[in-house]
There are 2 protein chains.
Amino acid sequence: MAPTPKSDLLQGTLDLLILKTLSLDALHGYAIAQRIAASSRALLQVPQGSLYPALHRLENKGWLAAEWDQTETGREAKFYTLTRKGRLQLELEVADWKRLSEGIGLILAGAEE
Amino acid sequence: MAPTPKSDLLQGTLDLLILKTLSLDALHGYAIAQRIAASSRALLQVPQGSLYPALHRLENKGWLAAEWDQTETGREAKFYTLTRKGRLQLELEVADWKRLSEGIGLILAGAEE
DNA sequence: ATCGATAGGTAGCATGGCTAGGCATGGCAC
DNA sequence: GTGCCATGCCTAGCCATGCTACCTATCGAT
């Protein structure tokens, strides 16, 4: 499949990815990772050991709410939804990302002054 | 000037910025920070407490070489140049950055599957 | 004389993702 | 029927990296 799956992403982007993904659908953790991989055409892959701690972190910050429910296949899973604070945070992180990627883009383009 | 100068950038991008900046010119540390700010139209700003340790780190990894010289204004300053290894590393980091920013772009665009 | 800009540096902290494990269940192939 | 893979959740401990907050020194302009 991908020539270099290359697991690690940059610090700080994981929250953004999770928040954005959950802004479209309430999902359980495992499905979040799948959705991120699918939506990014496998460019980004989130290892479980990064995902679950991140979900707990975001929940502690009040950006996500969790509840146990059943998946379509009848299994128990913890579903996460964005809170109002989470939506605000998502907007902030999107803005930060745009600033950063624009800045880096300028520099990589070799813009002088 | 910028509404939210917002100091901190994402972890992992600093090396890329330094390497790219030095790929165009040999510069001393202080000038690197200025160049990054100028090239990014002040979107990105590197605090000294991040910059100097990073330069030492990159030098230890063999990606930069340093030597003391004089600035145009006659001051002593430590000028850094990219090594061959540094150029290779730059290519890697540029590729990683593209993968990441493309991936995030897809997700923010709401691409499904 | 003093202040801002130029130029370099350090110590210590906090964050946050990774590796590497573990646990449990369900469905499918053999 | 049993063994394995996918699904689903989790934690401990490490380590890399950038940040804040300092310090030092020189130079030019006020």
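Order of the sequence lines sets the chain letters (A, B, ...), proteins ahead of strands, with each chain counted from 1.
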Colleague: Starting at CZ of A/Arg75, measure out to OH of A/Tyr30 and round the result to the nearest 0.5 Å.
Modeller: 9.0 Å
Colleague: Give a yes/no answer on whether the side chain of B/Gln48 brings an N or O atom under 4.0 Å of OP1 or OP2 in D/dT20.
Modeller: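 For B/Gln48, the contact criterion (side-chain N or O under 4.0 Å from OP1 or OP2 of D/dT20) is not met.
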Colleague: Do other residues, nucleotides or ligands put more than 12 heavy atoms under 6.0 Å from A/Lys98 NZ?
Modeller: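 Open: at most 12 neighbouring heavy atoms sit under 6.0 Å from NZ of A/Lys98.
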Colleague: Whole angstrom is fine here: how far is it from CG in B/Leu10 over to P in C/dG16?
Modeller: 11 Å
Colleague: Between A/Leu16 (CG) and C/dT15 (P), how many Å, whole number?
Modeller: 20 Å
Colleague: Measure from the side chain of B/Gln11, starting at C-beta and using heavy atoms only, and say which of C/dG8, D/dG18, C/dG16 lies closest.
Modeller: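 Nearest listed nucleotide: D/dG18.
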Colleague: Counting any heavy atom closer than 4.0 Å, what does A/Gly29 reach on the DNA or RNA strands: base, sugar-phosphate only, or nothing?
Modeller: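 Sugar-phosphate only.
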Colleague: Tell me: CD of B/Gln70 to P of C/dG8, nearest whole Å?
Modeller: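 B/Gln70 atom CD is separated from C/dG8 atom P by 13 Å.
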Colleague: Can you check the A/Ile32 CD1 to D/dC10 P distance for me, whole Å?
Modeller: 11 Å
Colleague: Is there side-chain contact between A/Arg35 and A/Asp25, with heavy atoms separated by less than 4.5 Å?
Modeller: yes
Colleague: Counting just side-chain N and O atoms, does B/Tyr52 come under 4.0 Å of either OP1 or OP2 of C/dG8?
Modeller: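 For C/dG8, OP1/OP2 do have a side-chain N/O of B/Tyr52 under 4.0 Å.
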Colleague: Roughly how many Å is it from OH in B/Tyr30 to P in D/dT24, rounded to a whole number?
Modeller: 19 Å
Colleague: Respond yes when some side-chain nitrogen or oxygen of A/Thr73 is under 4.0 Å from OP1 or OP2 of D/dT7, and no when none is.
Modeller: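 Indeed not, no polar side-chain atom of A/Thr73 lies that close.
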Colleague: B/Arg75 side chain N/O closer than 4.0 Å to the phosphate oxygens (OP1, OP2) of C/dG8?
Modeller: no
Colleague: Which whole-number value in Å describes the distance from B/Leu100 CG to C/dG17 P?
Modeller: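 Those two atoms, CG and P, are 12 Å apart.
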Colleague: Pick the nucleotide of DNA chain C nearest each of B/Lys78 and B/Gln34; which residue has the one closer to the 5' end?
Modeller: B/Gln34
Colleague: Tell me if a side-chain donor or acceptor on B/Thr21 pairs with a main-chain N or O of B/Ile36 at a distance below 3.5 Å.
Modeller: no
Colleague: To the nearest Å, give me how far apart CZ (A/Arg57) and C1' (D/dT11) are.
Modeller: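 Roughly 15 Å, once rounded to whole Å.
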Colleague: Any base atoms under 4.0 Å from B/Gly12, or only sugar-phosphate, or nothing? Heavy atoms, all strands.
Modeller: sugar-phosphate
Colleague: So, does B/Lys61 get its side chain near the phosphate of D/dA16, meaning an N or O under 4.0 Å from OP1 or OP2?
Modeller: no
Colleague: Take the protein atom CG of A/Leu51 and the nucleotide atom P of D/dG8, then report the distance between them rounded to whole Å.
Modeller: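 To the nearest whole Å, that distance equals 13 Å.
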Colleague: For A/Lys20, which of A/Leu90, A/Asp15, A/Leu82 qualifies under side chain to side chain contact (heavy atoms under 4.5 Å, CB included)?
Modeller: A/Leu90
Colleague: How do B/Tyr80 and A/Leu14 order along DNA chain C: which one's closest nucleotide is nearer the 5' end?
Modeller: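 Upstream on the strand: B/Tyr80.
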Colleague: Within the structure, does a side-chain N or O atom of B/His56 lie under 4.0 Å from either OP1 or OP2 of C/dT10?
Modeller: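 Yes, such a contact exists.
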Colleague: Under 4.0 Å from OP1 or OP2 of D/dG8: is there any side-chain N or O of A/Thr71 that close?
Modeller: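 It does, given that an N or O in the side chain of A/Thr71 lies less than 4.0 Å from OP1 or OP2 of D/dG8.
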Colleague: How would you label the contact of B/Glu72 with the nucleic acid (heavy atoms, under 4.0 Å): base, sugar-phosphate, or nothing?
Modeller: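 Result for B/Glu72 = nothing.
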Colleague: Please report the shortest heavy-atom distance between A/Lys85 and A/Gly62, naming the atom on each side.
Modeller: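 Closest heavy-atom pair between A/Lys85 and A/Gly62: CB-O, 3.7 Å.
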